[in-house]
Amino acid sequence: MANIEKMIVEENKITETEVKNPNEIVLSTGKKVIKRERRGQHHIVESRLLSACSIKGDGTGVTVGDLILASDIKTAVAIGEIDGTKQKIPASLSEVYELAGEFTYEEWEELKIELQKDKKEIEEKAKNLQASTGLGSELM
């Protein structure tokens, strides 16, 4: 009789599932970052910042430092909230520095990697969509 009762109880057990926000990134330190829904104006702000930071007078072209700075700017623009506190879009390099100052070095690197994973996943889905519609074959 005990086995039947146990089976009934287990059958009626309610399992709790947490609905995770797909825009939430939880860092290993527990810090929660919500990605900003990027819209057209964000692209303009990001492009303006990237242009302002890449001006060179010596004609040497793009350096590794420029590429890293571009990645940091893209990361900063993508941050919508940190631990529930809304963040404004940085409009200057000093505001990018201030926002990055909310994170440890390791947290910042982890955040950049997490955002890069999302980008790769989106690019892969776009490639799959091109292949399924035949659009990719026209480009080659």
(request) Provide the full list of ring-ring contact (aromatic ring centres under 6.0 Å, His included) pairs with a residue in residues 83-104, sequence neighbours left out, each pair given once. (result) F103-W108
(message) Between H42 and I89, is there a side-chain heavy-atom distance shorter than 4.5 Å?
(response) yes
(request) Could you tell me which residues satisfy side chain to side chain contact (heavy atoms under 4.5 Å, CB included) with E81, sequence neighbours excluded, listed by chain and number? (result) I34, K86
(request) Enter the distance from K35:NZ to L111:CG here, rounded to the nearest 0.5 Å. (result) 10.0 Å
(request) With the side chain counted from C-beta on, respond yes when V96 and L69 share a heavy-atom pair under 4.5 Å apart, and no when they do not. (result) no
(request) If a pair satisfies ring-ring contact (aromatic ring centres under 6.0 Å, His included) and one of its residues is in residues 65-87, list it, with sequence neighbours excluded. (result) none
(request) Measure the CZ-CD1 distance between R36 and I79 for me, rounded to the nearest 0.5 Å. (result) 8.5 Å
(message) How close do E107 and T29 get, counting heavy atoms only, and between which atoms?
(response) OE2-OG1, 2.5 Å
(request) Just jot down the side chain to side chain contact (heavy atoms under 4.5 Å, CB included) partners of A78, sequence neighbours excluded, or say none. (result) R38, L115
(message) Which residues pass the salt bridge (Lys or Arg N to Asp or Glu O under 4.0 Å) test with E95, not counting sequence neighbours?
(response) K88
(request) To the nearest 0.5 Å, tell me how far I44 CD1 sits from L49 CG. (result) 12.5 Å
(request) Give, for atom CD of E46 and atom OG1 of T75, the distance between the pair rounded to the nearest 0.5 Å. (result) 9.0 Å
(request) List the steps, then state whether side chain to side chain contact (heavy atoms under 4.5 Å, CB included) holds for L99 with I82. (result) CA-CA 10 Å; L99 186 57; I82 302 171; 3.8 Å; yes
(message) Under the rule for side chain to side chain contact (heavy atoms under 4.5 Å, CB included), what residues qualify as partners of E109, not counting sequence neighbours?
(response) Y105, K112
(request) Taking all heavy atoms of V26 and all of E110, pick out the closest pair and write down the distance. (result) O-OE2, 4.4 Å
